[in-house]
Structure formats: C-alpha cells, structure tokens
Amino acid sequence: MKTALRPPITARQREVYEWILQRYHERGYGVGIREIGKAFGWASPSAAYCHLTYLEKRGYVTRVPGRANSIIPVGA
C-alpha cells in the first residue's frame with residue numbers, strides 16, 4: 001500500500017501502524033487499544049491511545065465505534 005499522499009508519521013507511529021496492518025492480515029479483524037499496549041510493552045493504554053489518535057487523524061487507521069477490536073488499517 002502506498003502512503004505517499006498521507007501526511008508523514010514518526011518512526012514509532014509507523015511501527016504501530018505496521019503492527020496493526022500485520023495483525024489485521026493475519027486474522028482478518030482489527031485490534032484493540034489494550035492489545036497494542038501489551039504488544040509494545042506500554043503500562044498504560046493511554047500511550048496506545050495517543051499513537052492511534054495521530055494515526056487516525058492522518059488517515060492510516062479507522063475505528064468502529066462501539067465494537068471490540070475496532071481499530072483497522074485504512075485501505076487494508
């Protein structure tokens with residue numbers, strides 16, 4: 001997937017995005033905030049939430065309100 005038209009993201013945000021993309025392709029559904037935090041060793045879900053907020057604003061991921069495992073990569 002090309003991301004040339006999307007605003008740039010940090011190296012850490014890219015890691016999170018690529019992890020979300022990989023998990024989505026492996027199992028066919030999105031991930032949750034706590035799952036991301038656990039995968040990256042963050043003690044608080046707020047760290048994952050902050051990364052996701054930026055990724056969502058820049059068009060890399062989307063969230064489905066009211067649904068578990070609702071974070072999915074855009075265009076995947």
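Values in this document were obtained by computation on a predicted structure and should not be read as measured data. Numbering starts at 1 and runs along the sequence shown.
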Notebook entry, point to check: Are I71 and E35 close enough that some pair of their side-chain heavy atoms sits under 4.5 Å apart?
Noted result: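 When only atoms from C-beta onward are counted, E35 and I71 do not touch, as no gap falls below 4.5 Å.
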
Checklist line | Side-chain heavy-atom pair Y54, I9 within 4.5 angstrom cut-off | finding: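 Result no, sub-4.5 Å side-chain heavy-atom pair not found.
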
Check: Going hydrophobic residue to hydrophobic residue with side-chain gaps under 4.5 angstrom, can you get from F40 over to L55?
Finding: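 In one cluster with F40: L55, yes.
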
Next item on the list: Indicate if V64 and V74 have the same hydrophobic cluster label, given that clusters are the connected sets of ILVMFWY residues with side-chain heavy-atom separations under 4.5 angstrom.
Entry: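 As far as the 4.5 Å side-chain criterion goes, V74 and V64 are not connected within one cluster.
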
Checklist line | R27 side chain vs G30 backbone, donor-acceptor pair below 3.5 Å | finding: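 Checking the backbone N and O of G30 against the side chain of R27, a donor-acceptor pair under 3.5 Å is found.
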
Notebook entry, point to check: Does Y60 reach the main-chain N or O of R14 with its side chain, forming a donor-acceptor pair under 3.5 Å?
Noted result: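 Between the backbone of R14 and the side chain of Y60 there is no qualifying donor-acceptor contact (under 3.5 Å).
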
Drop me the distance from [X]'s [atom1] to [Y]'s [atom2], to the nearest 0.5 angstrom.
| X | Y | atom1 | atom2 | value |
| --- | --- | --- | --- | --- |
| R23 | E18 | CZ | CD | 15.5 Å |
| I72 | Y24 | CD1 | OH | 5.5 Å |
| I33 | L52 | CD1 | CG | 5.5 Å |

Check: Under 30°, 30 to 60°, or over 60°: which ring-plane class applies to H51 and W42, parallel, tilted or perpendicular?
Finding: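 The arrangement is parallel - the two ring planes meet at less than 30°.
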
Note to self: Taking atom OH as the centre, does Y49 end up with more than 12 heavy-atom neighbours from other residues, nucleotides or ligands that are less than 6.0 angstrom away?
What the structure shows: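 Open.
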
[X] versus [Y], closest heavy-atom pair with distance:
| X | Y | answer |
| --- | --- | --- |
| P73 | I20 | CD-CG2, 3.9 Å |
| G37 | A48 | N-CB, 4.0 Å |
| R58 | P8 | NE-O, 3.3 Å |

Next item on the list: Name all residues meeting the side chain to side chain contact (heavy atoms under 4.5 Å, CB included) criterion together with T10; count only those two or more places apart in sequence or in a different chain, and write none if there are none.
Entry: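 R12, Q13.
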
